[in-house]
Amino acid sequence: MTHFLPEEKLIDYAKSYLKAQGFKKKNKRWIKNIGEFTLCFYVQGSCYAKEDYYIRPGIFINALLPTELVYGHLMTQIEQTTPEEIMQKFEQWCEEWTNKSFIKERLIAFIAWEERNPLEKRRAKLVDYEKDPVPAEEFFAVDTKTKKYILDNF
């Protein structure tokens with residue numbers, strides 16, 4: 001992993017930036033309830049190297065809480081760049097992924113993609129991701145209950 005930004009520098013920046021946005025902090029995780037969703041910004045240390053870390057934004061669907069999930073029902077990863085760019089990408093991602101019609105549209109496209117490319121085919125490396133790109137990687141970790149809730153309620 002290329003280190004653009006030391007973890008401590010990101011945490012210092014995120015602490016004041018996210019606090020000003022109304023987020024609550026616990027350890028290296030910030031959350032903010034915005035009604036139907038709870039936004040999560042999580043800095044996760046790597047189990048492989050002390051200096052490595054991951055930036056994992058997530059969104060919880062509040063109607064499906066409580067849950068054992070750490071990152072959210074929908075989650076992604078942001079590359080290490082500058083603190084300002086990371087926060088900009090986080091805000092943009094949260095804006096998109098709290099839009100219910102956007103989420104449902106992407107889920108429907110993902111379900112169709114998954115039917116064309118079932119897990120066995122993906123594990124056998126028989127999927128050409130360039131010709132048939134994943135419409136939303138956020139759905140790889142979404143369970144059946146969450147998918148059904150989105151289809152029925154969004």
Side-chain angles (χ1 to χ4, degrees), residues 1-2 4-5 10 14 17-18 20-48 52-154:
M1 174 182 288
T2 304
F4 293 99
L5 179 66
L10 173 61
Y17 185 89
L18 293 171
Q21 302 294 322
F23 283 78
K24 304 290 183 211
K25 181 181 183 292
K26 183 176 183 184
N27 299 320
K28 295 191 241 177
R29 183 177 177 202
W30 291 261
I31 61 168
K32 179 181 178 181
N33 184 321
I34 61 166
E36 292 186 82
F37 301 98
T38 295
L39 310 178
C40 175
F41 184 86
Y42 186 59
V43 179
Q44 178 187 20
S46 170
C47 62
Y48 300 107
D52 284 348
Y53 67 95
Y54 306 96
I55 305 161
R56 304 219 191 264
I59 294 175
F60 291 95
I61 300 169
N62 290 340
L64 298 174
L65 294 175
T67 181
E68 298 297 318
L69 298 174
V70 176
Y71 312 123
H73 293 104
L74 305 165
M75 61 184 177
T76 192
Q77 182 170 314
I78 296 175
E79 292 299 317
Q80 297 177 22
T81 55
T82 66
E84 297 83 6
E85 189 175 333
I86 291 166
M87 290 300 128
Q88 177 189 24
K89 288 179 180 179
F90 172 63
E91 288 178 357
Q92 179 182 0
W93 185 82
C94 288
E95 185 176 324
E96 288 176 355
W97 287 93
T98 55
N99 177 322
K100 290 165 72 172
S101 60
F102 174 86
I103 295 169
K104 186 173 184 175
E105 174 186 308
R106 287 291 171 99
L107 176 56
I108 291 167
F110 180 80
I111 290 169
W113 179 88
E114 201 170 38
E115 287 174 3
R116 290 189 308 273
N117 302 292
L119 184 57
E120 301 79 32
K121 186 176 176 182
R122 297 191 310 261
R123 284 185 175 158
K125 301 186 186 315
L126 299 173
V127 176
D128 185 339
Y129 290 95
E130 287 187 24
K131 289 183 181 173
D132 192 7
V134 181
E137 292 183 12
E138 286 82 353
F139 289 115
F140 274 124
V142 174
D143 64 22
T144 304
K145 178 182 174 185
T146 304
K147 288 178 182 176
K148 180 171 176 19
Y149 181 85
I150 292 167
L151 291 172
D152 292 346
N153 296 284
F154 284 18

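All residue numbers refer to positions in the sequence shown, counting from 1. Atom set for the values below is all heavy atoms of this structure, side chains included, hydrogens, waters and symmetry mates excluded.
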Trace of the ring pair (Phe, Tyr, Trp, His ring centres under 6.0 Å) decision for F139 with W97: CA-CA 11 Å; F139 289 115; W97 287 93; 5.5 Å; yes
Might you work through the side-chain contact (heavy atoms from CB on, under 4.5 Å) test for N62 and E36, ending with a clear yes or no? CA-CA 5 Å; N62 290 340; E36 292 186 82; 5.7 Å; no
Could you walk me through whether F37 and K100 satisfy the side-chain contact (heavy atoms from CB on, under 4.5 Å) test, starting with their C-alpha distance in whole Å, then the side-chain angles of each, then the deciding distance to 0.1 Å, before giving a yes or no? CA-CA 10 Å; F37 301 98; K100 290 165 72 172; 3.9 Å; yes
Could you walk me through whether F110 and F140 pass the ring pair (Phe, Tyr, Trp, His ring centres under 6.0 Å) check? CA-CA 9 Å; F110 180 80; F140 274 124; 5.4 Å; yes
Any chance you could lay out the side-chain contact (heavy atoms from CB on, under 4.5 Å) test for T146 and L74, step after step, and finish with the verdict? CA-CA 9 Å; T146 304; L74 305 165; 5.7 Å; no
Please assess K104 against L107 for the test side-chain contact (heavy atoms from CB on, under 4.5 Å), listing each intermediate value before the final yes or no. CA-CA 5 Å; K104 186 173 184 175; L107 176 56; 5.6 Å; no
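Two residues are said to be in side-chain contact when any heavy atoms from C-beta on lie closer than 4.5 Å; H73 and L64 meet this criterion. Using a 4.5 Å cut-off on side-chain heavy atoms (C-beta onward), S46 and Y53 make no contact. Within the 4.5 Å cutoff, side-chain heavy atoms of I86 are placed close to those of L10. Side-chain contact between K32 and T38 is absent, with no heavy atoms from C-beta onward closer than 4.5 Å. When side chains are defined from C-beta on, L5 does not count as touching T82, because their heavy atoms never get closer than 4.5 Å. You'll find the side chain of Y129 reaches within 4.5 Å of the side chain of V134, heavy atoms only. Two residues are said to be in side-chain contact when any heavy atoms from C-beta on lie closer than 4.5 Å; C40 and R29 meet this criterion. A 4.5 Å side-chain heavy-atom check between L39 and T98 finds at least one atom pair inside the cut-off.
Aromatic ring centres of F41 and W30 lie closer together than 6.0 Å. Aromatic pair F102/W93: ring centres not closer than 6.0 Å.
With a 6.0 Å radius and a threshold of 12 heavy atoms from other residues, nucleotides or ligands, R123 has its CZ atom at or below the threshold. The environment of NZ in K145 is sparse: at most 12 heavy-atom neighbours from other residues, nucleotides or ligands sit within 6.0 Å. For E95, the CD atom counts as loosely surrounded, since its 6.0 Å shell holds 12 or fewer non-hydrogen atoms of other residues, nucleotides or ligands. In this structure, E79 places its CD atom where only 12 or fewer heavy-atom neighbours from other residues, nucleotides or ligands lie under 6.0 Å away. Counted within 6.0 Å of CD on Q21, heavy atoms from surrounding residues, nucleotides or ligands total more than 12; the atom is thus considered enclosed.
Atom CG of L126 is separated from atom CG of N117 by 9.5 Å, given to the nearest 0.5 angstrom. Between D143 atom CG and T67 atom OG1 the span is 7.5 Å, to the nearest 0.5 Å. In this structure, NZ in K24 is found 11.0 Å from CG in N33, a value given to the nearest 0.5 Å. Annotation: the span from E96 atom CD to T76 atom OG1 amounts to 10.0 Å, rounded to 0.5 Å. Atom CD of Q77 and atom CD of Q44 lie 8.5 Å apart (nearest 0.5 Å).
We find that E138 and R106 are not joined by a salt bridge, their nearest charged nitrogen and carboxylate oxygen being 4.0 Å or further apart. One finds a salt bridge joining K147 and E114 here, because a Lys/Arg side-chain nitrogen approaches an Asp/Glu carboxylate oxygen to under 4.0 Å. Under the 4.0 Å criterion applied to side-chain N and carboxylate O atoms, D152 and K148 are assigned as salt-bridge partners.
Listed for the N153 side chain is a donor-acceptor partner under 3.5 Å among the backbone atoms of Y149.
E91 and Y17 are linked by a side-chain donor-acceptor pair at a separation below 3.5 angstrom, with hydrogens and angles left out of the test.
Scanning all heavy atoms of the two residues, the minimum distance from K28 to G45 falls at NZ-N, 4.2 Å. What you find for W113 and D132 is that their closest heavy atoms are NE1-O, 2.9 Å.
Geometrically, R56 does not engage Y42 in a cation-pi contact, judged by NZ or CZ lying under 6.0 Å from the ring centre and within 45° of the ring axis.
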